[in-house]
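Below is one structure, written out as structure tokens, with a few remarks after it.
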Amino acid sequence: MPELPEVETVKAGLQPVLEQHRITHAETRRGDLRVPFPNDFAGRLTGRRIEHLRRRAKYILADLDSGETLVIHLGMSGRMTVYASGAKKKLGNYVHDMNEDGIGKYKHDHVVIDTDAPARIVFNDHRRFGLMLLIDTAALEEHKLFKGLGIEALAPDFDAAYLAKAFKGKKTPVKAALLDQRVIAGLGNIYVCEALFRAGISPKRLAGKVRSEKIAALVTAIKQVLREAIKAGGSSLRDHRQATGELGYFQKRFAVYDREGEPCPHGHGTIKRIVQSGRSTFYCPSCQR
DNA sequence: CCGCGATCCTGGGGGC
DNA sequence: TGCCCCCAGGATCGCG
């Protein structure tokens with residue numbers, strides 16, 4: 001479930017076991033992610049201290065004392081599971097102790113990192129769309145993964161004027177424009193649907209044809225829905241850490257996403273599902289124009 | 001430069 | 001129980 005709020009939530013969960021901690025051991029369990037691990041990936045991690053954790057778009061960035069940055073992307077199905085010291089922790093339907101052999105050896109566990117927190121962090125990704133890379137920190141901005149990224153959705157500079165300029169003359173549907181990480185970084189399918197609903201904009205409307213007051217409403221809606229989701233993820237995360245140590249789960253009821261056929265929360269119509277550039281869009285045809 | 005579909009993967013769920 | 005098809009929170013590539 002990784003869009004900006006989920007990535008932010010995972011980052012927050014990793015912070016206490018990674019930031020200002022040293023990696024005592026690292027290993028990759030299979031090398032055939034879609035993007036292969038860099039050469040000697042585990043070796044370049046081992047012994048390194050993590051100075052700072054940050055987020056850019058949907059990437060988690062861990063700056064190491066070696067001058068390299070560990071770049072993490074969760075793709076569609078990536079999970080980070082943290083096992084804190086000694087205590088019994090729950091993983092899905094299973095309960096494991098940190099010292100049991102099985103941790104990090106389940107199907108699709110790709111990377112295991114131990115730190116002196118002490119903690120063990122397992123990266124699991126069954127669809128293998130995620131990635132972990134090491135890139136020179138100084139050259140990060142110029143790397144192809146980051147060079148084209150648009151403004152952060154929660155940045156103060158992301159405002160109505162910015163979005164109006166970005167949308168000007170665009171003939172692509174506003175739904176697709178919002179998903180484009182070169183325009184705004186961090187939004188994904190769920191929060192685009194939710195933000196468009198809140199702003200009362202049809203996902204089919206061409207980006208260049210959204211009226212300026214609607215653009216202002218859209219910026220507000222985007223920031224609101226993201227902030228609410230981060231807040232909800234954060235609280236759900238605290239519960240999860242106590243109960244399971246598992247990161248990346250975030251329960252929230254959405255207004256329109258995955259609610260095809262249900263009544264619109266505003267009470268005027270029925271939520272419809274359409275497909276735009278190969279992805280589901282959920283919206284209320286009566287509220288969103 | 002554009003919009004769009006196909007593609008990379010695995011697994012879950014529904015229909016038959 | 002099994003098979004087949006569709007679907008999934010992402011991102012890139014190549015086509016017309």
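By convention in this document, chain letters (A, B, ...) are assigned in the order of the sequence lines, proteins followed by strands, and residues within each chain are numbered from 1. Note that this is a predicted model, so its numbers are computed, not measured. All values below were derived from every heavy atom in this structure, side-chain atoms included, with hydrogens, water molecules and symmetry-related copies excluded.
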Secondary-structure string, 5' to 3', Watson-Crick or G-U under 3.5 Å, | for another-strand partners, for DNA chain C | .|||||||.|||||||

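- A donor and an acceptor atom, one from each side chain of A/Tyr283 and A/Glu260, are nowhere located under 3.5 Å apart.
- Rounded to a whole Å, the NZ atom of A/Lys175 is 12 Å from the C1' atom of C/dG10.
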What string of B, S and - do you get for nucleotides 9-15 of chain B 5' to 3' if you count protein non-hydrogen atoms under 4.0 Å?
-> BBS----

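- At the heavy-atom level, A/Arg182 lies nowhere under 4.0 Å from the strands shown.
- Atom CZ in A/Phe167 sits roughly 12 Å away from atom P in B/dG3 (whole-Å rounding).
- One P atom belongs to B/dC9, the other to C/dC3, and the distance between them is 23 Å to the nearest Å.
- Remark: the A/Lys107 side chain and the A/Asn124 side chain contain no N/O donor-acceptor pair separated by less than 3.5 Å.
- Comparing the P positions of C/dC5 and B/dT7 gives a spacing of 16 Å, expressed to the nearest Å.
- C/dA11 and B/dG12 are spaced 23 Å apart, taking the C1' atom of each and rounding to whole Å.
- Backbone-only contact: A/Lys58 has heavy atoms under 4.0 Å from sugar-phosphate atoms and none from a base.
- One can place CG of A/Asp180 at 10 Å from C1' of C/dA11, the figure rounded to the nearest angstrom.
- With hydrogens and angles left out, the side-chain atoms of A/Ser77 and A/Asp125 include a donor and acceptor closer than 3.5 Å.
- Between the P atoms of B/dG5 and C/dC7, the separation comes to 14 Å (whole Å).
- A donor atom on one side chain and an acceptor atom on the other are not found under 3.5 Å apart for A/Asp116 and A/Thr24.
- Remark: aromatic rings of A/Phe197 and A/His266 are close, center separation under 6.0 Å.
- Side-chain atoms of A/Gln288 and A/Pro203, non-hydrogen and from C-beta on, do get closer than 4.5 Å to each other.
- Between the CG atom of A/Leu33 and the P atom of C/dG10 there is a distance of 18 Å, rounded to whole Å.
- In this structure, A/Val275 shares a hydrophobic cluster with no other residue, the cluster being traced through Ile, Leu, Val, Met, Phe, Trp and Tyr side chains under 4.5 angstrom apart.
- Between A/Gln181 and the phosphate of C/dG10, there is no side-chain N or O to OP1/OP2 separation shorter than 4.0 Å.
- Side-chain atoms of A/Asn189 lie closest to C/dG10 of the nucleotides C/dG10, B/dC4, C/dA8.
- Remark: A/Arg56 is not positioned above the aromatic ring of A/Phe146, lacking an NZ or CZ atom under 6.0 angstrom from the ring centre and at most 45 degrees off the axis.
- Residues A/Arg289 and A/Ser202 have side chains that never bring a donor and an acceptor to within less than 3.5 angstrom of each other.
- For A/Ser277, no side-chain nitrogen or oxygen approaches OP1 or OP2 of B/dG5 to under 4.0 Å.
- The nearest whole Å value for the distance from the CZ atom in A/Arg279 to the P atom in C/dC6 is 18 Å.
- As rounded to whole Å, 16 Å separates atom C1' of C/dG10 from atom CZ of A/Arg56.
- Atom CD in A/Glu260 sits roughly 15 Å away from atom C1' in C/dA8 (whole-Å rounding).
- In this structure, CG of A/Leu145 is placed 10 Å from C1' of C/dA11, rounded to the nearest angstrom.
- A/His21 and A/Glu19 share no donor-acceptor pair across their side chains, judged by distance under 3.5 Å alone.
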